[in-house]
Structure formats: structure tokens, C-alpha cells
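Notes follow the structure.
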Amino acid sequence: MPRNNFLPQFPYDYLGAKAEEYNELQWMERNQKKTTLECVEYLFDQKLGPTDIKDFSNYLILDLGCGTGFSTEVLIDLGFNVISIDILMDMLEKTYHKKELFSDMNILELILANMVNLPFKPSTFHYIISVSAYNFITYKKTTQSEIKKTLDSTANYLNKCLKKNGRIVIEFYPNTDKELDLFISSFTANNFDGYFIKNNPNQKGGKTFLLLKKVDNV
Ligand SMILES: C[S@@+](CC[C@H](N)C(=O)[O-])C[C@H]1O[C@@H](n2cnc3c(N)ncnc32)[C@H](O)[C@@H]1O
């Protein structure tokens, strides 16, 4: 999602006029929509195990950090039932205004919420995706232990929100291999199996997809 290697700053790049600007950028819309399609493809990656999905309208998916709705629009167009959350009203309200333009064949709920404190019951979702937003959950966490605690409790709750055999794909931008390891270990410590894919494997940070499957303790 960054252009010219500048990562956006949360929350400043998503407030007021910046939120307007984000919503108007055609390259951003193209980029977010393309990445969302990649996330959906990765949800059904054979390496996570076989699936037999024919009709997305039988499934409920959570869009974490939906912003102005580019990712949500793709999920709706594919036929999913969608719950989308964002922490900033300046961004979420733009998704709200687009809602009437989206297909009304499926469920779409928009919720102002923090992905670190999700307001959902256990076993709610079949799938979860997050496009260019998960980095920001460590905002204002400065010490290593604060960061680890936030990552762990978020991964733990995401696990609870998923139904049996549920899957998550997170596209994000770790700054270093160490940061990537921290994010991955928060999931493996909380009953997820999975792996990551980088668009450019030689790049230390950069665009990364985490492909995760809930491990059910029978
Ligand atoms: C790149 S933008 C939106 C990307 C979105 N997928 C789209 O299609 O427009 C990242 C979003 O993450 C949201 N965000 C950041 N931290 C969050 C948090 N803790 N909980 C929920 N949303 C958050 C921001 O408000 C921002 O709207």
C-alpha cells in the first residue's frame, strides 16, 4: 500500500482531509482491491488444507480495519456476508456512505471498533481478513512487553471469534524480520497454524501476508 516507500502514519494519515484524500486516490483503491483479492485467494490456499467452498454467501467474514471500504466492497462483490470494523469514524463513515451502492444481496454491518477489543461472541466468523491495517495495533505501545501483550491478546481473541476450522489472512508491513517474528509468534502461541508469504522474498520488511488456520483442540 505505501507509495515511494513511505508508510502511512496512524492516525494522522486517516483523519479529516487526509481521510478524504485517501478515499479519492485511484491508485490506492486499485491497490487495496487487488490486495483484498489476493487475501481471499490465500484464505483457500491448498497448503492450509483442502476446502470445498462453492458459494461465499454461506459464509460470514470480518474485515479488520476496513478504512473507507475498498476491501469491504470486494468482499461484498464476491458474495460474502461481511462485518467491517474500523477504529476511526472519519474512515468508517465513508464506507457507510458507499453502503447503498453495494449489492444488498448479502449482510453488511459496519462497526466502529478497535480490533484490539473486538465486540463479538465466540465462534462468530468463518473467515477474517485485514488489509494494510494490522500493523497499527501496536500504536502507542512502546516497550517490547507492551507490544507482545497487545499482539498476544489480539491473536487470542481472534482465535475465539473464529468458528471451527476458521481462517485468517493478514496483509501488513512489518519493518524488520524481528517484527515479523513477533507477529507470527503471537499467532502460533494462540492456537493458529500457518505461514507467511512475501511478494519480494529478498526484502526484509515490506508487503507480507500471514496465512493462518485455527487449530481446534478436540
Ligand atoms: C490503510 S487503511 C484502510 C485499509 C482498508 N482495507 C481499505 O480498503 O481502505 C488502515 C485502516 O486501519 C484502521 N485501524 C488502525 N488501527 C486500528 C485498530 N486498532 N482497530 C481498527 N481499525 C484500525 C485505520 O483507522 C485505517 O482506516
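Computed from a prediction, not measured in an experiment: that's the story for all the values here. Order of listing sets the numbers, starting from 1, for every ligand and every atom in it.
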Carboxylate-amine/guanidinium proximity below 4.0 Å for K140 and E146:
no
Give a yes-or-no answer on whether the side chains of N106 and Y59 include a donor-acceptor pair shorter than 3.5 Å. no
(Q) So for ligand 1, is F136 a polar contact partner (N or O within less than 3.5 Å, distance only)? (A) no
Atoms of ligand 1 under 4.0 Å from any heavy atom of V131, numbered from 1 in the order shown, are 4 (C), 5 (C), 6 (N)
### Message
Please determine whether a side-chain nitrogen of the Lys or Arg among E38 and K33 lies less than 4.0 Å from a carboxylate oxygen of the Asp or Glu.
### Response
no
So the atoms of ligand 1 within less than 4.0 Å of a heavy atom of M91 turn out to be 27 (O)
Looking at P8, S71, G67, the heavy atom closest to atom 8 (O) of ligand 1 belongs to S71
Among N114, N31, L118, T36, closest by heavy atom to atom 19 (N) of ligand 1 is N114
Per-atom filter on ligand 1: closer than 4.0 angstrom to a heavy atom of L88 are 25 (O)
With heavy atoms and a 4.0 Å threshold, my read on which part of Y14 contacts ligand 1 is side chain
One finds that the ligand 1 atoms under 4.0 Å from a non-hydrogen atom of G65 are 3 (C), 4 (C), 5 (C), 6 (N), 11 (C), 12 (O), 22 (N)
Restricting to heavy atoms, the pick from D90, L112, D86 nearest atom 26 (C) of ligand 1 would be D86
* Asked: If we ignore angles and hydrogens, is there a donor and acceptor under 3.5 Å between the side chains of S84 and T72?
  -> yes
*Is it true that the side chains of N159 and N190 contain a donor and an acceptor less than 3.5 Å apart?*
no
Among S130, S132, S84, closest by heavy atom to atom 10 (C) of ligand 1 is S132
| message | In this structure, does ligand 1 have an atom that sits under 4.0 Å from one of the heavy atoms of A113? | response | yes
- Message: Quiz question: by atom type and distance under 3.5 Å, do the side chains of Q32 and S132 form a donor-acceptor pair?
- Response: yes
Counting from 1 in the order shown, the ligand 1 atoms closer than 4.0 Å to a non-hydrogen atom of T68 are 9 (O)
ask   = Do S71 and D63 have side-chain N/O donor and acceptor atoms under 3.5 Å apart?
value = yes
Looking at ligand 1, does any of its N/O atoms fall within less than 3.5 Å of an N/O of M115? yes
Is the cationic atom of K198 (NZ for Lys, CZ for Arg) positioned less than 6.0 Å from the six-membered ring centroid of F209 and within 45 degrees of its normal? no
From the list L162, L158, D193, side-chain contact (heavy atoms from CB on, under 4.5 Å) with K214 holds only for L162
Geometry only, no angles: is I87 polar-contacting ligand 1 at N/O separations under 3.5 Å?
yes
* Within-cut-off N or O pair, Y22 and ligand 1, under 3.5 Å -> yes
Do N191 and K160 have side-chain N/O donor and acceptor atoms under 3.5 Å apart?
-> no
